[in-house]
Amino acid sequence: MQALVYQPFQPTDRGLACDGVSIESIVEHVGTPVYVYSAHAIRAAYRTLDEAFAAHPHAIHYALKANSTLAIVRLLRSLGSRADANSGGEIRVALRAGLLPAEIVFTGVGKTRDELEYAMAIGVGTINAESAGELDRIAAIAGALGREARVALRVNPDIDARSHPNISTGLRINKFGVPLQEARGIYRERRGRAGLRFVGVHVHVGSQITIADPLRSAAEALVSLALALRDDGFALEHVDLGGGLGIAYEGRPIVTADEYAAAVIPALRRSGLPVVLEPGRAVIGHAGALVARVVDTKRYPDGRQFAVLDAGMSELMRPALYGSYHRILPCRPRHGPESPWDVVGPICESSDVFACDRQLPPLEVADLVAIVDAGAYGSVMASNYNRHLLPPEVLVDEDTWDVIRRRQTLDDVLALEL
Ligand SMILES: *Cc1c(COP(=O)(O)O)cnc(C)c1O
């Protein structure tokens, strides 16, 4: 059964709207480009996941790296979410948003000594270690601080997430975690080591996973490890399945939250342990759009036609980074036949393309378009390339909206320069 996924960006007689609030009316106040988010969509996506796992004890640790704007993290916290942080910066943002240190899991390949010391000093819930060497550094720091670090080891089960190669993380060739078959030995060698308390096991096999198989296989592999460790006398408190659940960028059905839960809960039951989930994209992806204006159009003699926007890879890097697909919705579709358009940004890079040969109604200079499903890995990856200024972010909640991050100014950027 395909659960309905709430889509906040819909046409109305006042043009495209987010939860019924006209995009044009927002742009009139804040200009373009701008990221627009739906609070309703965030709540709906969070609750869908939470309810899908109702049959098993679980904690949702929203992955801040997908979108860590304070107002969004606060909203998720108000729904009961905890946090998955990938850096010292994300830990600090989680705390600013009101999360407690114990509600944070700290993951990430390549944690610095400063980051580890900070995480241990405040007492984060769990540090997901990425290597034996990192465990040993954690033990040494814990010793120096006179603390005990709560740790889990991230395992790499060599499972193909069958997502894009750049966002698959659970293959032998990837830099993440330790090989599954080495994990047990690494735990055993450090059993009773002062400063380390092994509280869990961790896996995250990739992002934008659209089928249940890799998620099920990863859960089964992780639970087998957890059971072996229990036999070895480790008192684990949870298994952490990471994130990775995809969203339907192209509108084709993909694995739902319910199907994901159904695929992993049998293994979780065998473990007898609560599960930690670290969803990012599945919570925030559909909730956001990047709204931009057409600044130029042109046609080549071979018929190829371009619409150049005032936003590019500096505002939404995913298409340039992974060739990813985003639907593009004109805010007021013009009458006339659809034809293929290359929708591109203004950046001096040939990969600065949002869509090639996309069937769209006629586009003209000054038209507004929304690049939808841009809530995850959009604003967080934005840069000042070509001296673009970071766009503002707007959160629509019921029938009102607020600027949750103002537009960056050139003075903001130049303030760093001496
Ligand atoms: C990126 C990441 C996540 C979130 O991934 P999504 O695909 O956005 O759900 C969760 N856990 C870890 C360890 C990650 O690196």
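Each ligand, and each atom within it, is numbered from 1 in the order the structure gives. Everything numeric in this text was worked out from a predicted model, so none of it was measured. Heads up: numbering here begins at 1 and tracks the sequence. All values below were derived from every heavy atom in this structure, side-chain atoms included, with hydrogens, water molecules and symmetry-related copies excluded.
- Heavy-atom separations between Tyr377 and ligand 1 include at least one value shorter than 4.0 Å.
- Ionic pairing of Arg318 and Asp373 is not present here: no N-O contact between side-chain nitrogen and carboxylate oxygen is shorter than 4.0 angstrom.
- Under 4.0 Å is where a charged nitrogen must lie from a carboxylate oxygen, and between Glu278 and Lys65 no such pair does.
- Checked against a 3.5 angstrom limit, the closest N/O atoms of Gly244 and ligand 1 fall inside it.
- The pair Asp397-Arg43 meets the salt-bridge criterion, since a charged nitrogen lies less than 4.0 angstrom from a carboxylate oxygen.
- The distance from ligand 1 to the heavy atoms of Gly243 drops below 4.0 Å at these ligand atoms: 9 (O), 10 (C), 11 (N).
- The N/O atoms of Glu278, backbone and side chain alike, include one that comes under 3.5 Å of an N/O atom in ligand 1.
- Residue contacts with ligand 1 leave out Ala376, since none of its heavy atoms falls under 4.0 Å from the ligand.
- Atoms of ligand 1 lying under 4.0 Å from any heavy atom of Asp84, numbered from 1 in the order shown and given with element: 10 (C), 11 (N), 12 (C).
- The N/O atoms of Pro279, backbone and side chain alike, include none that comes under 3.5 Å of an N/O atom in ligand 1.
- Gln181 pairs by the side chain to side chain donor-acceptor pair (under 3.5 Å) definition with nothing, not counting sequence neighbours.
- Scanning the protein for heavy atoms near atom 7 (O) of ligand 1, the closest one is Ser207 OG, 2.3 Å.
- Heavy-atom neighbours of Arg96 CZ from other residues, nucleotides or ligands within 6.0 Å: at or below the threshold of 12.
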Please tabulate, one pair per line, all N/O donor-acceptor pairs under 3.5 Å involving side-chain atoms of residues 209-220, not counting sequence neighbours.
residue, atom, partner, partner atom, Å
Asp213, OD1, Arg216, NH1, 2.7
Ser217, OG, Asp213, O, 2.9

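- Which parts of ligand 1 touch Arg281 is read off a 4.0 Å heavy-atom cut-off, strictly below it: atoms 6 (P), 8 (O), 9 (O).
- Proximity of Asn128 to ligand 1, defined as any heavy-atom pair under 4.0 Å, is not found for any part of the residue.
- Of the listed residues (Thr107, Asn128, Thr126), just one forms a side-chain hydrogen bond (donor to acceptor under 3.5 Å, both in side chains) with Asp240, and that residue is Asn128.
- Compare Lys65, Arg154, His202 by their heavy atoms: the one nearest to atom 14 (C) of ligand 1 is in Lys65.
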- Message: Walk me through whether Tyr322 and Gln208 qualify under side-chain hydrogen bond (donor to acceptor under 3.5 Å, both in side chains).
- Response: CA-CA 11 Å; Tyr322 330 116; Gln208 184 51 16; over 6 Å; no
